[in-house]
Amino acid sequence: GINNAPGMGMKKSYIYKFAVALLMLCTPLCASTAQKGSSPVAEMLNSQKEAKKLDGTKLKIAKPFIKRTPMGIIMDEIHMMIICPMDLESNEALSLTKEAQKVLQKYNRVQQIDDEKSTMDIYIDTPKGERFSEIVLYNTRPEASIILFVGDFTVESLIKVGEASEEERKHLKKNK
């Protein structure tokens, strides 16, 4: 059976296609592990006693409030969120700030907002294709907090949130 090398090539390409299909199936599974809060930011926030994790029913209850923010545009793509307020006067917040700066180096900063109303950095995890699973809002003003949104996001949806946020800030400036 050594002479049927072409058949062997067929078998290899079949295995290769199967492996690719398996990887594609695995991607949503791998992405869903992040939803369980095993990402670097989720782990960091879950260790904070002030952090509030919203998923399932809690997230449904929070929906009307989120809808009033630019994130409301992608509400249906959010599976879980963690809100962690930071009291910048406390030692805990200082260590959290240090840890956050270290952890967020693994993420991509996509926008920095610094105007008279607020200071905020927006990070996402590394997109796989057009999709990614985490958005981190790191606020230092007016109230210091870190908010993690976990879900199934597209680059396009992030652009829409950015546009809505831009509009909201223009509107707030006009109505001062």
Side-chain angles (χ1 to χ4, degrees), residues 25-114 117-162 164-165 168-169:
L25 281 174
C26 176
T27 311
L29 294 176
C30 301
S32 74
T33 57
Q35 292 161 21
K36 292 183 181 70
S38 62
S39 76
V41 169
E43 276 177 25
M44 174 186 73
L45 295 180
N46 282 328
S47 71
Q48 302 298 313
K49 5 179 228 303
E50 288 81 34
K52 304 272 178 282
K53 183 176 177 176
L54 304 178
D55 54 5
T57 311
K58 288 182 189 162
L59 189 60
K60 282 195 187 96
I61 293 166
K63 262 185 185 189
F65 302 101
I66 299 166
K67 288 246 188 252
R68 289 186 218 140
T69 72
M71 291 302 284
I73 290 173
I74 57 168
M75 189 60 232
D76 296 338
E77 298 171 23
I78 300 169
H79 303 309
M80 185 266 281
M81 59 186 283
I82 301 174
I83 302 169
C84 184
M86 293 189 297
D87 170 10
L88 293 179
E89 306 299 303
S90 77
N91 290 334
E92 277 170 35
L94 280 173
S95 68
L96 178 61
T97 306
K98 280 193 189 115
E99 194 181 344
Q101 285 162 349
K102 204 164 57 193
V103 168
L104 288 169
Q105 286 173 357
K106 298 176 185 142
Y107 289 72
N108 305 293
R109 188 165 73 191
V110 288
Q111 194 176 9
Q112 189 167 34
I113 296 165
D114 194 353
K117 288 205 79 58
S118 63
T119 306
M120 177 195 300
D121 288 334
I122 302 168
Y123 296 86
I124 63 169
D125 59 343
T126 304
K128 292 166 184 63
E130 285 288 298
R131 310 190 89 77
F132 58 97
S133 59
E134 291 179 285
I135 301 173
V136 182
L137 306 183
Y138 184 74
N139 303 299
T140 45
R141 265 185 330 118
E143 283 120 33
S145 65
I146 300 174
I147 305 173
L148 168 67
F149 295 91
V150 178
D152 184 18
F153 308 113
T154 61
V155 172
E156 192 182 322
S157 61
L158 186 68
I159 293 166
K160 284 185 199 155
V161 170
S165 166
E168 187 179 85
R169 285 202 313 282

Practice task
Indicate yes or no: at least one non-hydrogen side-chain atom of Ile135 is less than 4.5 angstrom from one of Ile74.
Solution key: yes
Practice task
Give a yes-or-no answer on whether the side chains of Asn139 and Ser118 include a donor-acceptor pair shorter than 3.5 Å.
Solution key: no
Practice task
May I ask you to check whether over 12 heavy atoms, not counting those of Gln112, lie within 6.0 Å of atom CD?
Solution key: yes
Completion exercise
Scanning both residues in full, the closest heavy-atom pair of Leu137 with Met120 reads CD2-SD, 4.2 Å
Completion exercise
dist Ile146:CD1 -> Leu96:CG (nearest 0.5 Å) comes out at 4.5 Å
Exercise for the section: Taking all heavy atoms of Thr126 and all of Asn108, pick out the closest pair and write down the distance. Expected result: CA-ND2, 3.4 Å
Exercise for the section: Report the relative orientation of the aromatic rings in Tyr138 and Tyr123; use parallel for angles under 30°, tilted for 30 to 60°, perpendicular for over 60°. Expected result: perpendicular
Practice task
Can you establish whether the number of heavy atoms outside Lys67 located under 6.0 Å from its atom NZ is more than 12?
Solution key: yes
Practice task
Please report the closest heavy-atom contact between Val155 and Phe132, naming both atoms and the distance.
Solution key: N-CE2, 3.8 Å
Practice task
Taking all non-hydrogen atoms of both residues into account, name the closest pair between Pro85 and Ser145 and its distance.
Solution key: CA-CB, 3.9 Å
Handout entry: Minimum heavy-atom distance Lys106-Pro40, with the two atoms named
Key = CD-CG, 4.3 Å
Handout entry: Heavy atoms of other groups near Glu143 CD, more than 12 under 6.0 Å
Key = no
Practice task
Test side-chain contact (heavy atoms from CB on, under 4.5 Å) on Asp55 and His79 and set out the steps.
Solution key: CA-CA 6 Å; Asp55 54 5; His79 303 309; over 6 Å; no
Problem - Inter-residue atom distance Ile82.CD1 - Glu134.CD, 0.5 Å rounding - result: 9.0 Å
Practice task
Tell me, yes or no, whether the heavy-atom count around Lys63 atom NZ, taken from other residues, nucleotides or ligands under 6.0 Å, exceeds 12.
Solution key: yes
